[in-house]
Amino acid sequence: MNLALYLSTTLIWGSTWIAISWQLGEVPIEVSVLYRFALAALALFAILAAARRPLHLPLAGHTYALGLGVLLFSTNFLCFYHATRFIPSGLSAVVFASASIVSGLLLWLLEQRRPSGRWALGALLGVSGTLLLFWPELRQGDGQMPRLGLLLACAGTLCFCLGNLVSARGQRAGFTVLQLVPWGMLYGVGLLSLWVLVRGETLTIPHGGRYLAGLIYLALFGSVVAFCAYLTLVGRIGAANASYATVLFPLVALTLSTWFEGYHWTTTAWVGVTCSVLGNLILFAPRRLPWRV
């Protein structure tokens, strides 16, 4: 079962980066993220109601759901959507692959789980790989835009990792993923609505077929299916172990970026992605993977 959760998360999230790029331009970014999670929340509540699953979340659980809404279902995506304005979507995915490194640091800082020497080696390789991938853009004279994209992607990754910890603690407190995720999405929609209102954005009605196809894919698969699978994995094997999935995201995403965005593979890029993947594997791959198939 864990293997199925791992593979579905990797393939779906690895392919959402190109769909995110399809959301740019026609509709303001904040409105696009609002549409995504409004549709996802509606679909998930409808599915649970049709399956006669309880929709009630005890008051104590709303604290965790609110944390998920702020970190995973709003801020995280605003950062990554804006990052995709400045850098290819595949490179955003590579930065996201460093979630395993960030998770290790957070576990050390917040839960006093001191990392090993293997962690130090993996972290060094992972960071070096990310820098190599961005080196061609950072060398350019107009490199301010790639730097901004990198900062936004890093901020989105931090939000994602903090959200993982919130989810793990919520599940340890006895709340299930299917209790936390729909309410978390609803809180995210509320926060996004407030942000759209403050910015004075117009709720533009999208007309492009590619935009609508991307929206449906991101809402139903990238949000409902993938988030439920991933957060279930977090509850079963822990936030750090679940972040193994981020190792393979860049391979899927950069392949799609090559086909759809014309991403050019240089020698530096190959070395960078190799270092990033190898660093994450060294960092978290156990001697025996904890699958319970």
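No experiment lies behind these values; they were computed from the predicted model shown.
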For a side chain to side chain contact (heavy atoms under 4.5 Å, CB included) check, start with the C-alpha distance between Val273 and Trp265, then their side-chain angles and the critical distance, and finish with the verdict.
CA-CA 10 Å; Val273 81; Trp265 286 83; 4.0 Å; yes

N/O donor to acceptor pairs below 3.5 angstrom from side-chain atoms of residues 185-195, sequence neighbours left out:
| from | atom 1 | to | atom 2 | distance (Å) |
| --- | --- | --- | --- | --- |
| Tyr187 | OH | His62 | ND1 | 2.9 |
| Ser193 | OG | Val189 | O | 2.8 |

Is a side-chain donor-acceptor pair under 3.5 Å present for Tyr230 with Ser8?
no

What pairs with Trp270 under side chain to side chain donor-acceptor pair (under 3.5 Å), at least two apart in sequence or on another chain?
none

Aromatic ring pairing Phe160/Trp13, orientation class (parallel under 30°, perpendicular over 60°, tilted between)
perpendicular

Work out which heavy atom in Gly222 is nearest to a heavy atom in Thr16; give both atom names and the distance.
CA-CG2, 3.9 Å

With side chains defined as the heavy atoms from C-beta onward, is the minimum distance between Leu5 and Arg236 less than 4.5 Å?
yes

State plainly whether one hydrophobic cluster holds both Leu151 and Leu78, where clusters connect Ile, Leu, Val, Met, Phe, Trp and Tyr through side-chain heavy atoms under 4.5 angstrom apart.
no

State, to 0.1 Å, how close Leu215 and Ser32 come at their nearest heavy-atom pair, and which atoms those are.
CD1-O, 4.4 Å

Quick check for you: to the nearest 0.5 Å, what is the distance between Leu278 atom CG and Thr274 atom OG1?
8.0 Å

When rounded to the nearest 0.5 angstrom, what distance separates CG in Leu180 from CG in Leu66?
11.5 Å

Strictly under 6.0 Å, is that where the ring centroids of Trp183 and Phe45 end up?
yes

Can you tell if the side chain of Phe80 reaches within under 4.5 Å of the side chain of Leu152, non-hydrogen atoms only?
no

Let me confirm one number: the CG-OH distance from Leu218 to Tyr211, rounded to the nearest 0.5 Å.
9.0 Å

Judged by atom type as modelled, is there a donor-acceptor pair below 3.5 Å linking the side chain of Ser103 to the main-chain atoms of Cys161?
no

Side-chain donor-acceptor pairs under 3.5 Å in residues 165-173, sequence neighbours left out?
| from | atom 1 | to | atom 2 | distance (Å) |
| --- | --- | --- | --- | --- |
| Ser167 | OG | Gln171 | NE2 | 3.1 |
| Gln171 | NE2 | Leu231 | O | 2.8 |

With heavy-atom distances below 4.5 Å as the criterion, would you say the side chains of Ser223 and Phe37 are in contact?
yes

Between Leu203 and Leu34, is there a side-chain heavy-atom distance shorter than 4.5 Å?
yes

Ile12 backbone acceptor or donor facing Ser15 side chain under 3.5 Å
yes

Hey, is the main chain of Leu132 close enough, under 3.5 Å, to the side chain of Thr268 for a donor-acceptor pair?
no

Close side-chain approach of Val33 and Phe73, heavy atoms under 4.5 Å
no

Taking the side chain as every heavy atom from C-beta outward, state whether Pro28 and Thr204 have any pair of such atoms under 4.5 Å apart.
yes

Considering all heavy atoms of both residues, which atom of Cys228 and which atom of Val181 are nearest to each other, and what is their separation?
SG-CG1, 4.2 Å

Could you tell me if the side chain of Val95 sits less than 4.5 Å from the side chain of Cys154, heavy atoms only?
yes

Distance-only, no hydrogens or angles: does the Thr176 side chain make a donor-acceptor pair with backbone N or O of Gln179 under 3.5 Å?
yes

Check Leu57 against Ala65 and note the closest heavy-atom contact, atom names and distance.
CD2-CB, 3.9 Å

Which of these, Leu178, Leu48, Leu44, sits in a side-chain contact (heavy atoms from CB on, under 4.5 Å) with Leu55?
Leu48

Closest contact, heavy atoms only, Leu220 versus Ala43:
CD2-CB, 3.7 Å

Check: Leu71 main-chain N/O paired with Thr75 side-chain donor or acceptor under 3.5 Å
no

If the plane angle is over 60° it's perpendicular, under 30° parallel, otherwise tilted; pick one for Phe77 and Tyr81.
perpendicular

